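All residue numbers in this chain count up from 1 along the given sequence. Both ligands and their constituent atoms are indexed starting at 1 by order of listing. These numbers come from a predicted model, not from an experiment.
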Amino acid sequence: MSRPTTVQIRLDAFRHNYRLAKTLWPGKAMAVIKANAYGHGAVHCARALSQEADGFAVSSLEEAMQLRDAGVRQPILLLEGFFAEAELKCIAEQDLWLVLHAQWQVDALLAASLPCALQVWLKMDSGMHRLGLSPKDYQFAYQQLSGHKNVASIVPMTHLANADNLDSDHSNQQAALFQRTLANLAPCHASSLANSAALLAWPQLQPILHNHEHWSRPGIMLYGAHPNIASSQASVLEPVMQFSSRIIALRHLEKGDAIGYGSLYQAEQAMRVGVVACGYADGYPRSAKTGTPIAVDGHITRLLGRVSMDMLYVDLTAIPSAGIHSHVELWGKQVSANTVAQSAGTIAYELFCNVKRAHFDYFDPANI
Ligand SMILES: *Cc1c(COP(=O)(O)O)cnc(C)c1O
């Protein structure tokens with residue numbers, strides 16, 4: 001491992017953020033570690049919570065099996081349920097929980113012959129219009145499933161489309177519709193509504209929980225990025241991923257010299273520039289603009305010009321002490337992933353998921 005592009009994952013920070021999530025709303029918290037824990041490494045993240053997570057949520061049977069094979073014993077929820085009926089037998093054998101989001105899944109589960117009953121989360125579409133049964137169809141499916149031999153219990157769930165937008169009333173509307181629909185069902189013991197944004201910013205939705213246990217589903221907050229980029233609460237979360245590299249070459253530019261592909265950046269004065277061993281093939285966004293913050297040896301400076309596949313340019317003019325081998329933080333504690341995401345026209349979720357090729361290094365002070 002000689003190329004210096006590395007990702008350090010702080011599992012103590014991950015645990016801190018999970019514990020914080022648990023304090024925000026009463027009830028249980030399903031740690032969402034789909035998509036390889038948003039690029040952080042699902043098995044490592046699950047192990048970091050092996051003593052305390054109420055459960056884990058993933059996107060597919062393959063993701064769930066990776067956790068079971070690694071010895072994870074907690075409940076594991078399949079957020080999209082099954083894609084083909086043939087998966088049901090394995091879901092039962094591995095003791096996985098599943099979301100049912102469409103009538104075809106309900107019908108298939110009712111018709112299946114299974115070794116045991118399954119824990120079902122029945123999803124309602126309360127206004128996001130992605131997955132879930134309409135409020136009109138919800139009650140029928142709920143009744144079909146209630147008491148059926150293949151169904152051990154049912155947790156009603158729904159997902160908010162705009163919880164990261166404090167100016168929108170949509171979350172209130174979705175929660176009210178969810179609550180009204182639940183009120184018409186036989187009494188249920190649990191429900192699930194809140195993602196990270198709701199946990200952090202919508203405590204007023206909590207009355208929906210009355211009389212039953214709520215399962216929250218925190219994802220992005222566990223990785224230390226606030227879902228609402230502008231939030232002043234961002235610092236209550238600890239960044240988990242530090243994406244870093246080193247300077248491998250130096251350039252002295254005269255006024256008017258241009259740098260990189262497309263000669264996108266032209267020096268306004270004499271400048272000192274560092275070439276960093278990290279590019280879009282490592283997951284640094286090519287769309288990040290000149291001026292995106294980058295930390296070099298602890299000093300905040302800025303990206304210059306166009307990001308290449310393997311390299312990018314950083315302004316060292318104001319950091320004379322920096323040179324070859326200087327440490328560069330692309331994002332982490334000093335430069336928040338949200339800031340980089342904003343400059344690149346995307347979200348921290350996507351930056352995290354895109355990190356690749358770099359060497360991953362896991363740090364957990366509890367296991368030293
Ligand atoms: C991904 C996902 C979450 C987690 O969302 P965050 O915004 O990362 O907290 C919660 N619920 C469902 C259904 C999801 O797909």
Side-chain angles (χ1 to χ4, degrees), residues 14 17-25 27-40 42 45-46 49 53-61 63-64 75-83 96-102 105 120-133 155-166 168 170-171 174-175 178 190-203 205 208 214-229 231 233-234 236-237 239-241 337-338 341 346-354:
F14 183 71
N17 296 331
Y18 180 78
R19 288 173 186 167
L20 179 76
K22 290 263 306 187
T23 66
L24 295 174
W25 283 37
K28 296 190 168 171
M30 191 61 94
V32 180
I33 56 170
K34 65 193 179 196
N36 197 27
Y38 295 36
H40 289 66
C45 288
L49 293 180
D54 300 317
F56 297 105
V58 297
S59 300
S60 66
L61 184 54
E63 290 182 355
I76 299 176
L77 176 69
L78 301 171
L79 287 169
E80 291 160 51
F82 55 93
F83 301 90
L96 305 174
W97 298 8
L98 82 167
V99 169
L100 298 179
H101 62 75
Q105 288 182 323
V120 167
W121 287 37
L122 186 61
K123 188 163 189 172
M124 190 186 120
D125 177 4
S126 58
M128 178 155 174
H129 304 312
R130 185 174 65 176
L131 293 183
L133 292 127
V155 176
M157 75 177 286
T158 195
H159 194 50
L160 299 172
N162 291 289
D164 57 340
N165 180 357
L166 294 175
S168 164
H170 197 221
S171 298
Q174 285 195 261
F178 185 49
S191 71
S192 178
L193 169 75
N195 56 5
S196 299
L199 285 173
L200 288 159
W202 291 88
L205 300 183
I208 197 169
H214 178 256
W215 280 86
S216 62
R217 307 186 306 271
I220 194 69
M221 69 171 292
L222 303 179
Y223 309 99
H226 201 289
N228 178 354
I229 291 184
S231 173
Q233 294 172 307
V236 301
L237 301 173
V240 175
M241 178 187 289
N338 270 339
T346 183
I347 51 177
Y349 298 72
E350 192 184 29
L351 295 189
F352 293 152
C353 290
N354 277 347

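Evaluation of the side-chain hydrogen bond (donor to acceptor under 3.5 Å, both in side chains) rule for His214 yields no partner, not counting sequence neighbours.
Residues of the protein with a heavy atom under 4.0 Å from ligand 1 are Val32, Lys34, Tyr38, Leu79, Lys123, Arg130, His159, Asn195, Ser196, Arg217, Pro218, Gly219, Ile220, Tyr349, listed by chain and number.
Considering all non-hydrogen atoms of both residues, Gln174 and Gly127 come closest at NE2-N, 3.6 Å. Across Glu63 and Ser59, no two heavy atoms sit closer than the pair OE1-N, 2.8 Å.
Using a 30° and 60° split on the angle between ring planes, His40 and Phe352 fall in the perpendicular class, above 60°. The aromatic rings of Phe14 and Tyr223 are tilted relative to each other, their planes meeting at an angle between 30° and 60°.
Side-chain atoms of Arg130 and His101 form no donor-acceptor pair, as typed in the model, at a separation below 3.5 Å.
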